[in-house]
Amino acid sequence: MMDIEEKDVEDIFNRAKRMEDIIHNGNTLNMRGIMVTLFLEPSTRTKLSFQTAAQLCGLGVVDFLPDVSSLKKGESLTDTIKMLDGYADVIVMRHPKEGAARYAADIADCSVINGGDGGNQHPTQTLIDLYTMLKSKGRLEGLEVYITGDLKHARTIRSLLFGLAMFNASITLIAPKGLEIGDYTLKEVNKRFSSNIKQMNTFDLKDADVLYVTRIQEERFADKYEAQRIQKEFSVSVDGLKDAKEDLIILHPLPKLTEIPLEIDNTRYAKYFEQAWNGVPVRMAVIEKVLEG
Ligand code: NCD
C-alpha cells in the first residue's frame, strides 16, 4: 500500500464498479494468461477470491500446493519463484516473511501481487476495505474510522492506515493493552500523509462511521498462551453499540474468532460478509490493471 498512488487507487475503484456490473450481468472478460497462486500461509478469502477473480477475467489458474511441492525436498524459494515465473503472467503470493513479495518481484519478470507478507502489508485487502467504505458511505474523506484488535501484528491494519490517510479519513485506534500500533508505522504514515490519527483506551463509538475489527494474530505472537488470553477477553461489546450512529458499519477482514459476538452478524451494522464479497470485483480490477502493464 506504500507505493500505490491515489490516482491508481481511484482507477481500481472505477474498474471494480465495472467488474461488479459484469458479474451481475453474468458476463466474463476475455483476458488471456495464467495466474499462479503461491500461498505459503493459510488463506481462504484472499486465495479463493483471487482465483475466482482470475477465472472471471478469463485467465487460467494454477495453484501451488506447498505441502506436495519440491519445497518439501529442500528446493529454495528463489528457485521456486524462478520456475513459476516461466509459467505465470501474474503470481499472487502470500508468505510469513515481511518483504517476501517484494523479493519475488525482484526475481520474477512477471507481475507479482502481494497477498500478505508476514505482519507487514496486505494491500489488496485495503483496496477492498476502502471500496466497501466508499460503497456504503459515498466518501472516504472525513470519515470517522475506528480501528480495534491486534494493531501490533495485523498487516491488514498496517496497510489500511496508509489507505485511510491517503484519502484524509479520520482515524481512531483502540488497542487491547500491549497490542498498540508500532511507532514506526505511525511515523511512516505521517511522513507520507498529513494524517489525523488518535489513540483511545475506551470503546466510545458514538462518533464512529466505521468500526474496523481484527482478530488477535496468534501466529505472530512469541507466546501463544498470551495471544489466547487476550483473544478470550477481547470482544466488541453489543452494549457499546447502543450509543453508535444509526448507520455505523462494522468491517472485519475475516477470519473472525470471538471478537465479534455472533448476534452482531444479524444486525444492520455488520458489513463484513459483503466486504469479503467485494474481494472478487476489486481483485478482478487489480488483475486487469496489473496485466495491462
Ligand atoms: C487477513 C490476513 O491474512 O492478514 N485475512 C484476509 O486476508 N482476509 C486477516 C487475518 O488473518 O486476521
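Residue numbers run from 1 in the order of the sequence given. Counting starts at 1 for both ligands and their atoms, in listed order.
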Legend entry - Atoms of ligand 1 close to H122 [distance to a heavy atom under 4.0 angstrom, numbered from 1]: 2 (C), 4 (O), 6 (C), 7 (O)
Legend entry - Presence of salt bridge, R155 and E41, under 4.0 angstrom: yes
Legend entry - Note: R229-E233 ion pair, threshold 4.0 Å (strictly below):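 Between E233 and R229 there is a salt bridge, with a charged N closer than 4.0 Å to a carboxylate O.
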Looking at [atom], what's its closest protein heavy atom, distance included?
{"atom": "atom 9 (C) of ligand 1", "result": "L254 O, 3.6 Å"}
{"atom": "atom 4 (O) of ligand 1", "result": "R155 NE, 2.8 Å"}
{"atom": "atom 11 (O) of ligand 1", "result": "R215 NH2, 2.8 Å"}

Backbone or side chain, does any N or O of [X] fall under 3.5 Å from an N or O of ligand 1?
{"X": "Q217", "result": "yes"}
{"X": "T46", "result": "yes"}
{"X": "P255", "result": "no"}

Inset, instruction - Would you mind telling me if ligand 1 is within reach of the side chain of E41, the backbone, both or neither, using heavy atoms under 4.0 Å? - result: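 No part of E41 is near ligand 1 at this cut-off.
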Legend entry - Whether F162 and F193 hold their rings parallel, tilted or perpendicular, with breakpoints at 30° and 60°: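 Perpendicular: the ring planes of F162 and F193 meet at over 60°.
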Inset, instruction - Taking the side chain as every heavy atom from C-beta outward, state whether D265 and Y272 have any pair of such atoms under 4.5 Å apart. - result: yes
Inset, instruction - Would you please say whether a donor-acceptor pair under 3.5 Å links the side chains of H252 and E259? - result: yes
Inset, instruction - State, to 0.1 Å, how close L143 and R139 come at their nearest heavy-atom pair, and which atoms those are. - result: CD2-O, 3.4 Å
Legend entry - Heavy-atom closest contact (Y269 atom, L248 atom, distance):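 Minimum heavy-atom separation between Y269 and L248: CD2-O, 3.2 Å.
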Inset, instruction - From the options L257, I157, T156, select the one whose nearest heavy atom is closest to atom 1 (C) of ligand 1. - result: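 Residue with the shortest heavy-atom distance to the ligand atom: T156.
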